Amino acid sequence: MKKLQVWFKQITRKEYLPLWFFAGIQLVYHIFMTEPQDSDAMWFFCRQLDAYSLKDYLTARYEVWSSRLLIEAVLVYISRSIFWWRILDWIFWVFLAWAFIWLFPEEKREMAAYLVVGFLCVYPLWDLRTAGWIATSTNYTWPLALGVFSLHGVTRAFYEKKTPVALCLLYGLAAFYGANMEQMCAVLLAVNFCAIFCFIMRKKPVRLYGSVILGFVISAAEIIFIMVCPGNEARKNQEIINWMPNFKSYHLLDKVSMGFLDTMHHLVTSGSLLYLSFLILLAVLVFFKTKRLVFRLAAVFPVFLSIGFSCFSNAIKVDFPTFFKLMDKSGFICGSNYHIMANYIPTVLYLCVIGCMLLSLTAVCTSYFELLSQALLLALGLSTRVVMGFTPTIYVSQERTFLFLYMILGVSAVYLVQNNIGLLWEQKKACHTLKLAGILLAVTGIILNLAEIGSI
C-alpha cells in the first residue's frame, strides 16, 4: 500500500500535470473518433488474415507493394478491432508527449511538459484522417512516438549519462519499428549520424553512445532495405500510372522543386496555427534580442506573408489573378517551363522566407552550436516533406506527410523558449501575454480538433 501511495505521489507531481491533461484530451478525441467504412483498414487490411497467413501476406507485400513489413504486420491485426486500436492509439499519443518531454534535461522538464503539450494540442489532428485513423496512426503516429523514444539515447549521451543495456535494447527495438516508415527512418539516420559525429569530435567515450550507434546501424540497414525492396518499385510504377504519368520525365532538380514548392505553399497558404505560432515566437524573440532593423524586418516578413496568403487569398485572387495563379502549388519548375523567368518567383519568395527564418535565428541564438543545431533541425524538418517530391503521390497523401515537419517545428519552438526564458522573464508583461496567447492557442486547437473529429 505504501509503495502504491509513493507511486501515486510521483505521477501526480506538478511536472506531470500537463501530461495528465493531454491524456484526458486524447481520451475525449478517441471516444469520438469513428473509422470510415471505406478506409484502408476497413476495406483491405482487416480482411487479409482471413485469406492469407501472416507470412504469405508479408511476402506478397514485399514483392509487389511495400517495405513496411513490420508496420503492416501490426496493421493487419489491429485493424480487426477498433476497440483495441482506440486504446493503443491513445497510449501512443500519451507516450509521444512523454517521449518529447524526456528529450529535455531534468531541470527543464516541467516547462518542457507545458510547451510540448501545448504544441501537440495545436497540431491539426484531422490531418491524419485521410486514409482512415487506423492505417494512418499505425504508419505515422506510432513510428513517430517510438522513433522519438529511441532518440533518448542521444540526449543521455549528450548529458553524459550511461545507458543501461536493457534500455539500449529498448531503444533499438523502438528504432526498428520507427525506421520501418521512410520519413522517420530518414530522421533517425540523420540525427544519429550527426550525434555520433558530434560525440567523436568531442572525444566522448564510445560506451556513452553505444545506443546511438545501434540506432544509426538500424536506421541505415532499414534505409537500404527500403531502397532494395522490389515492392516499393512496383508500387511506385503503379502510382505513376494512377496519379502522375509524367513523373518519369522529371529529373532530380524537378523533383526537389516539386517537393519544396508544395511544402512551402502549404505552410504559407494553409493558415497552419502551428507554423504561424512558430514564426510569431521567433519574431517576438528577435524583437526582444535586437533593435537592428534588418533583423526585425526579416522576422516579420514570413509572418505577414503567411497571414496575407491564408487570410486574404480571395482578395489576392481577385486583384492579382496572374500572381495568384503563379503561386499555385502545382506550378513547379521542370524541363518544360524552366526557361520562363516568371516561374521562379514562387521559388525566390519561399527561399526568402527560409532566409529570413535563418537570419532571425542568428539574432536569437546565443552560440554557434545553438545556431547550427536549430538550423539543422529545421533543415531536417523541411527535408522530411521535400522528399515527398520523389514520389508520384505527393499531391494525394497531402496533409499527413507534414506530421514530422510540424513536430520538429514544435520541438524547435520548445528549445527556443527554454534557451531564452531569462530574456522573456525580463519582459514580464510581454511574457504573461505570451503565456495567455499560448493557452488560448492550445484551447483553440483542441476546439478545432473536436469540431473536425465530431463532423467526420
Side-chain angles (χ1 to χ4, degrees), residues 67 70-71 92 95-109 112 116 141-227 367-384 387 403-405 407-412 414-415 418-419:
S67 59
L70 185 57
I71 290 173
F92 268 108
F95 181 72
L96 174 63
W98 174 86
F100 273 133
I101 293 167
W102 253 248
L103 286 175
F104 299 91
E106 188 173 352
E107 65 274 11
K108 296 182 178 181
R109 279 182 192 155
V116 166
T141 316
W142 299 8
L144 172 65
L146 291 170
V148 173
F149 171 68
S150 74
L151 293 177
H152 284 194
V154 175
T155 58
R156 290 181 66 90
F158 184 81
Y159 295 110
E160 298 187 350
K161 292 182 179 180
K162 189 176 179 180
T163 304
V165 175
L167 192 56
C168 184
L169 291 175
L170 284 178
Y171 292 155
L173 290 172
F176 187 55
Y177 185 93
N180 202 220
M181 197 278 170
E182 297 84 359
Q183 286 175 290
M184 192 68 235
C185 184
V187 171
L188 293 179
L189 186 67
V191 173
N192 285 313
F193 174 79
C194 290
I196 292 171
F197 179 78
C198 180
F199 295 148
I200 291 174
M201 294 299 293
R202 293 188 172 192
K203 298 181 179 180
K204 287 184 180 288
V206 177
R207 66 177 183 275
L208 277 179
Y209 57 94
S211 63
V212 184
I213 296 174
L214 178 61
F216 174 76
V217 170
I218 290 172
S219 55
E222 292 234 30
I223 204 77
I224 293 171
F225 178 71
I226 290 167
M227 293 174 67
S367 67
Y368 286 114
F369 178 78
E370 183 186 351
L371 175 60
L372 181 62
S373 299
Q374 285 286 352
L376 289 176
L377 192 62
L378 294 179
L380 177 60
L382 186 63
S383 299
T384 62
V387 74
L403 173 66
F404 302 94
L405 172 54
M407 293 298 107
I408 288 175
L409 284 177
V411 171
S412 177
V414 176
Y415 274 111
Q418 289 198 336
N419 291 342

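It should be emphasised that the depicted structure is a prediction, and the values quoted were computed from it without experimental measurement.
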By side chain to side chain donor-acceptor pair (under 3.5 Å), Asn192 pairs with (sequence neighbours left out) none
Quiz item: Hey, does Leu409 have a side-chain heavy atom less than 4.5 Å from the side chain of Leu378?
Solution: yes
Applying side chain to side chain donor-acceptor pair (under 3.5 Å) to Gln183 and not counting sequence neighbours gives none
Closest non-hydrogen atoms of Pro105 and Tyr159, given as atom of the first, atom of the second and distance, are CD-OH, 3.3 Å
Side-chain atoms of residues 197-211: list all donor-acceptor pairs with protein atoms under 3.5 Å, sequence neighbours left out, distances to 0.1 Å.
unit_1: Lys204; atom_1: NZ; unit_2: Glu160; atom_2: OE2; d: 3.1

To the nearest 0.5 Å, atom CG of Leu146 lies from atom CG of Leu151 at 11.0 Å
Here the pair of heavy atoms bringing Cys185 nearest to Ile223 is SG-N, 3.7 Å
Heavy atoms of Phe149 and Ala174 approach each other most closely as CD2-CB, 3.6 Å
| field | Beyond-backbone contact of Arg109 with Val116, side-chain heavy atoms, under 4.5 angstrom | value | no
To the nearest 0.5 Å, atom CG of Leu372 lies from atom OG of Ser367 at 9.5 Å
For Ala179 and Glu222 the tightest heavy-atom approach is O-OE1, 3.4 Å
Exactly one candidate in Trp98, Phe104, Trp102, Phe100 meets ring-ring contact (aromatic ring centres under 6.0 Å, His included) with His152; the answer is Trp98
Test item: Val414 and Val411 side chains (from C-beta on) under 4.5 Å apart, heavy atoms:
no
Please check this pair: side chain of Ser412 against backbone of Ile408, looking for a donor-acceptor N/O pair closer than 3.5 Å.
no
